[in-house]
Amino acid sequence: MIDCNLIIGQDRKRELLLRSPLLPAAGALGHAPLEGAMWRRDLLGAFATPPLGGEHGPSPNPPQVLNTSAGALIAPASGLPLRIAVRRHSREWLHWGLPVVVALCPATAGEASHMAEVLARHEWVQGVELHLVDEMAADGVDGCVRAIRGESDVPCLVRVPFGSSLELAIVAQEAGADGIIVAAPPSGRLRVADRRWVKGDLHSPALVPLYAERVHQVAAGVTVPIIARGEMASAQDALTMLAAGAAALQFASILWVRPSIIADVYAALEGEMAARSVSRWDDLLVALQQGGDDPTEA
Amino acid sequence: MKPLVAIVEANAEPMPGMHLVYLHCPYLGDTARPGQFVMVQCASGYDPYLRQPLALHRLTDQGVALCFRSSSSALAWLAARRVGDAVDLLGPCGRGFTLSTSLSTVSLVARGMGIAPLLAILDRVAAAAQLITSVPTAANVYPRELLPHRVEYMPFVGQEQDEDLARAITEACRWGQRVYACGPLSFYASLRQALEKARLGLREGVAEVWIKGQMACGMGACRACLIETRHGFRRVCTDGPVFDLATLLV
């Protein structure tokens, strides 16, 4: 097993300890993770809930799935309001025995504050993952992060948008974020047969080099741990993200396409550690990040 | 549901553009139920990226059969598999039809390719069966010889027989203890009317329908397949794809 003791939020009253560097992205396992043969929970560092909204949830959004070349454009249905999701699903979240990170999608700092206050009543919450709505500006990000830090004792991870990853990562860190998730899937739009446009999130392993570039940029600009989120589809993709500056990895839609990805990457990372004669996760990160070339010079 | 590798046992094209692929997969043969589906990886790489949901068409001792039109590059890839090829699946997925050994008559009603998820019922229920299908052209009629002998088969072609079709569906709703159907959502509104006419109302437990949802994950995670029912929003992939017609808002 990988000797990982990655701590997020060391200065918080309650820190988030990841025993594995491999995580499901928020929503990738839904509200109720499937058991058994699909995923091995002992290889995962935490469970992240789907993004949850305020009292009325995010604005209504008709779900759509469109295939693209080597990818898909997905506009999922709106997330559940936080209170309803906690009432309905928290027992399922706890069932896996992993640290629970609750993903929040507030529209304003006031809503973020209220949601963090609700979560503060639940001791099982071990982290908050803040998702920034598309149009949120820097002052909005600052307000949301400060609101969550003000109301909650647990670490606050901020998932930055694909298009403005570095700028908003720096804002989030200055506001008190304990970690940065790089990045939300890029938005795209497709014209469908009936002349309607469908807007959604683009998912594809073909985007891995673009995610790696974002991780590299953000790693140069912040000091808090970075979690790379993306469609890593191989051990090589995972190593690329780690070399670019990530400390942990979130797997998204690839979990639906290739459920064995977690076990495959975990085994490959164990092999990488053995090959480099390192026993601790931190040592592998140092080896990868110091020994690698600067991707900007490639 | 679990990851599976199935081996192609047979691959035929009984009607132009429609493929019938038999897969050797004893786990599915043992555990799958009529109405369930599998998520098929229709590529050797990641193009297309997402798995394709396909209904279980027939259930055998050693596996399942899939029936589909090669209407996309993904399904064309699957249609091109040869005997002995391996196919990567997740399954069985979803909630199947409610079946009972006490049923003595069942009516199956399909529009278009709606026959795909219905025939597996005949592999698990010994009841007398009526099968009504409605297809656009004679070339789309499902071959009689692929059906069990006990099935009374009534294929309707084109729109000129709409009145006869409506009458036959109403009769089938009267005749069968249970009605199982598959077609587009608009078709379920007319089926509901037929059932209300035949049975003087529609209550739960009389008719079940198979919903073809747009799916990204097939395992209840992405919520891309939500539909609104009388009991609130439900996921087609895990709460369905079989729903009681009385609960649908059609």
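Each chain gets a letter, A, B and so on, in the order its sequence line appears, and its residues count up from 1. The basis for the numbers below is simple: all heavy atoms, side chains too, and nothing from hydrogens, waters or symmetry mates.
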Output all residues satisfying side chain to side chain contact (heavy atoms under 4.5 Å, CB included) with A/Thr49, sequence neighbours left out; order by chain, then residue number.
A/Phe47, A/Leu52, A/Trp93, A/Val100, A/Val102, A/Ala103
Decide if atom CZ of A/Arg91 counts as having more than 12 heavy atoms of other residues, nucleotides or ligands within a radius under 6.0 Å.
no
Under 3.5 Å, is there a donor-acceptor pair linking the side chains of B/Tyr49 and A/Ser253?
yes
In Å, rounded to the nearest 0.5 Å, how long is the span from CG of A/Asn67 to SG of B/Cys42?
10.0 Å
Can you tell me which of B/Ala216, B/Ser72, B/Cys225 forms the most heavy-atom pairs within a distance under 4.5 Å of chain A?
B/Ala216
Contact winner vs chain B - A/Leu255, A/Val65, A/Ile74, heavy-atom pairs under 4.5 Å
A/Val65
Taking the side chain from B/Tyr46 and the backbone from A/Ile254, do they hold a donor-acceptor pair closer than 3.5 Å?
no
Starting at CH2 of A/Trp256, measure out to CZ of B/Arg51 and round the result to the nearest 0.5 Å.
13.0 Å
Under 4.5 Å, counting heavy-atom pairs only, tell me which of A/Ala72, A/Pro205, A/Gly27 racks up the most with chain B.
A/Pro205
Per-residue contact mode, B/Met215 against chain A (heavy atom under 4.5 angstrom):
backbone
Heavy-atom closest pair (B/Asp47 atom, A/Thr68 atom, distance to 0.1 Å) is OD1-O, 4.3 Å
With rounding to the nearest 0.5 angstrom, report the SG to CG distance, B/Cys217 to A/Leu29.
10.0 Å
Among A/Ala206, A/Ala233, A/Ser260, which residue forms the greatest number of heavy-atom pairs with chain B at distances under 4.5 Å?
A/Ala233
Report yes or no: does A/Gln64 contribute a side-chain atom to a donor-acceptor pair with the main-chain N or O of B/Gln214 at less than 3.5 Å?
no
Given heavy-atom pairs under 4.5 angstrom as the criterion, report whether the side chain, backbone, both or neither of B/Glu228 touches chain A.
neither
For residues B/Ala224 and A/Pro63, report the shortest heavy-atom separation together with the two atoms involved.
O-CB, 3.2 Å
Measuring from atom NE2 of A/His31 to atom CZ of B/Arg223, what distance do you get when rounded to the nearest 0.5 angstrom?
5.0 Å
